Amino acid sequence: MTRHLVTSALPYANGSIHLGHVAGAYLPADLYVRGLRQMGEEVLFVCGADEHGVAITIGAEQAEQSYDEYVAHWREGIKRTFDSLGIEFDTWSGTSICPDHEEMTQEFFRQLDDQGYLIRREIEQLYCAKDEMYLADRYVEGTCYSCGAENARGDECPACGTWIETLRLKEPRCKLCGEAPERRSTSHWFLDLPSLRDAKVADWIKSREWKSNVSAFIKGLLKDAPERAITRDMTWGVPVPADRSAGTSGKVLYVWFDAPIGYISFTKEWARKQGREEDWKLWWQNEDTHLVHFIGKDNIPFHCLVFPSMLWGTGQDYIMPHAVPANEFYQLAGGKFSTSDGHTFDLEAYLADTDAEVVRCYVTSTLPETADAEFNANDLVTFNNAQLASNLGNLGSRVLKFIAKNFDGRIPELDPAHTGDLEGLLFECCADCEDPGVDIKAFRFRRALEDVLALATAANVFMQRCEPWKTNKTDAALAGSQLNILCEWLSLLAAWLAPFAPHKAQELWLQLGGEGQVKDAGWPKVPGPDNPDWRTGLGGRQLGELGTLFPRMDALVPAEN
RNA sequence: GGCGGGGUAGCUCAGUUGGUGAGAGCACAGGAUUCAUAACCCUGAGGUCGCGGGUUCAAAUCCCGCCCCCGCUACCA
């Protein structure tokens, strides 16, 4: 049986997570995982923090914390946000704390080296004699060789926007001490992407089907696949294996090299905690596993070209990604989410007084699946009121309250004499409805939620045509049959809703008098002539305590900016 | 500069490999209804599919040019 190994891009442990991240790589993955599980599939959902790299060291130094403290702070903060959004990984770790990570990463280095895909080369870099370190571009300032501005950074000139080649910067200064750095020759290892591409990866890429927004991107990548440096001169990271360092010291593997390996080392850590350490190979080196990477579009090069190259280049029979459903960017109304520009909002505070499951559903309804999309707090209110409250929530409310008042809170029986007519009408109402599960499996989450809402609409139409409030006055048995059908339908809706709003779905399930967890109830097929055995036999069941599933929200005061 | 994406009803967006008079939700207008969270149901109004060429029997959908918006640019992943 197919196993599904699902990963979400490892969030970088130098800041909090915002809705752009959530919409890009985490919520879709969570929907996918929940959906597949409910459909009976075996799934493992792996994530953790990416904790190495120069941005971390700079951030920690500014915060006057140790690197360990700094990454722990963000690792935990990010996890809290995921928790409050109901994004549930099977394992959550971090590249600097996972006990398997260093060894696994070094093994990759050795294996790639053994296969001949690593190249060692001398390059020149700026070195600060006073601070005794090589300077990453972020540690250098100088005069822009393009416009003459004196405050150019090592990577970009803020005055003219030119992308700076650090070595060409005029009058470079060390950002830490202000002294002029010197050029020094240092040796580094490069990943031989051109060879990997020609040996295997290009053919593999061409043999796969990709989302349209991904395929355009990787086409260009194939043409231009340079050798990439995979080591750096610094201390924070996974050290180059001592047996391969060729006499050099003070070098670590560059963060982009070690980060994706985290998917594997986290899996191994998880497997050991399960008491089956070797099971990690079942997930990573077995053809029956489908590896799916959820990422934002900024990560396409790594997950479609670089990481697959690494996996294959080890010669260890790692599986290649089965799908990379990359999303475009999710922006805050008016522009991209940017903590540094202040164009963001406090997600934790927002979730304190906005129902996280409403946020999940709204974000799902606006996911940047094919193009950039944006979050708008006012639209969220509208969506909640028009779709969740008026359509789905109100459906439950009108059906269940009617039963509470007129049938003592007990779901009426379906009279066999009515079955044919009622199902005929019902199937007519949902004739155009599609199975949300099909769209979930195809990574079309927006449409999947639309499917669910359309199924709620179908039930509203059915009820409107049945008019049980009228039939109940003349033929209570008929009204009972109609309401029975509606309750059956509501229980299906609870199941379909579960991946999107797990708690709401469970609440509806309990209101219907259900037992256990709705997520364990399986995935219903859409009722129809070809699926006549859709009812589960709810007649006679006592309803649970009723409540408002999706309360209406007050419209926000128009934002100032 | 290079690369990628986008410009479709007032708003947010769908529109598979070109083909029945271009769609949904919101908002708007009219009607119907009263079980329900001023909800539900029916009907209607609405668009030169960024601009200009071209290919084709036929293009929002392919090609060329142009104009805007956005993202990325690989030692801030």
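Each chain gets a letter, A, B and so on, in the order the sequences are listed, and its residues count up from 1. This is a predicted model, so every value here is computed, not measured.
Using a 4.0 Å heavy-atom distance criterion, A:F329 is classed as a sugar-phosphate-only contact. Heavy atoms of A:L449 sit nowhere under 4.0 angstrom from any nucleic acid atom. Counting any heavy atom pair closer than 4.0 Å across all strands shown, A:L549 reaches a base atom. The residue A:S390 sits close only to the backbone: its heavy atoms come under 4.0 Å of sugar-phosphate atoms, none of a base. As judged by a 4.0 angstrom heavy-atom cut-off over every strand, A:T382 is placed among residues touching the sugar-phosphate backbone only. No contact: A:S365 has no heavy atom under 4.0 Å from any strand. Within 4.0 Å (heavy atoms only), A:N299 reaches at least one base atom of the nucleic acid. A:A229 comes within 4.0 angstrom of nothing in the nucleic acid, heavy atoms only. If you check every strand for non-hydrogen atoms under 4.0 Å, A:R446 touches sugar and phosphate atoms only. Among the protein residues, A:D50 comes within range of the nucleic acid bases, having at least one heavy atom under 4.0 Å from a base atom. Looking at heavy-atom distances under 4.0 Å, A:A389 makes contact with a base. Within 4.0 Å of A:Q387, counting heavy atoms only, lie sugar-phosphate atoms of the nucleic acid but no base atom. Here A:T457 lies in heavy-atom contact (under 4.0 Å) with sugar-phosphate atoms only.
Ring centroid separation for the pair A:F462 and A:W489 does not come in under the 6.0 Å cut-off. For A:Y362 and A:F375, the gap between ring centers is short of 6.0 Å. Aromatic ring centroids of A:Y134 and A:Y127 lie under 6.0 Å apart.
For RNA chain B, the stems formed by at least three consecutive Watson-Crick or G-U pairs, with both atom-pair distances below 3.5 Å, span B:1-7 with B:67-73, B:10-13 with B:23-26, B:28-31 with B:41-44, B:50-54 with B:62-66.
Using a 5.5 Å limit on the distance between ring centres and a 30° limit on the angle between planes, the aromatic ring of A:W469 counts as stacked on the six-membered base ring of B:C35.
The 5' end of RNA chain B is approached more closely, in terms of each residue's nearest nucleotide, by A:A373 than by the other of A:A386 and A:A373. Each of A:Y12 and A:S397 was assigned the nucleotide of RNA chain B with the nearest heavy atom; the assignment lying further toward the 5' end belongs to A:S397.
Ring geometry for A:H52 versus A:W236: interplanar angle over 60°, hence perpendicular rather than tilted (30 to 60°).
The base of B:C42 is not paired with the side chain of A:Q464 by any donor and acceptor separated by under 3.5 Å. The base of B:A36 sits with one of its N or O atoms less than 3.5 Å from a complementary donor or acceptor on the side chain of A:N394.
Under the 4.0 Å criterion applied to side-chain N and carboxylate O atoms, A:D355 and A:K504 are assigned as salt-bridge partners.
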Q | From CA spacing to verdict: ring pair (Phe, Tyr, Trp, His ring centres under 6.0 Å), A:Y330, A:H18 | A | CA-CA 10 Å; A:Y330 196 59; A:H18 57 58; 9.5 Å; no
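Every residue two or more places apart in sequence or in another chain that forms a side chain to side chain contact (heavy atoms under 4.5 Å, CB included) with A:V381 is listed here: A:N385, A:M553, A:L556. Residues passing the side chain to side chain contact (heavy atoms under 4.5 Å, CB included) test with A:R75 are A:A49, A:E51, A:V71, A:A72, A:W92, A:S96, A:I97, sequence neighbours excluded.
In this structure, of B:C75, B:A14, B:C41, it is B:C75 that holds the atom nearest to the side chain of A:Y254.
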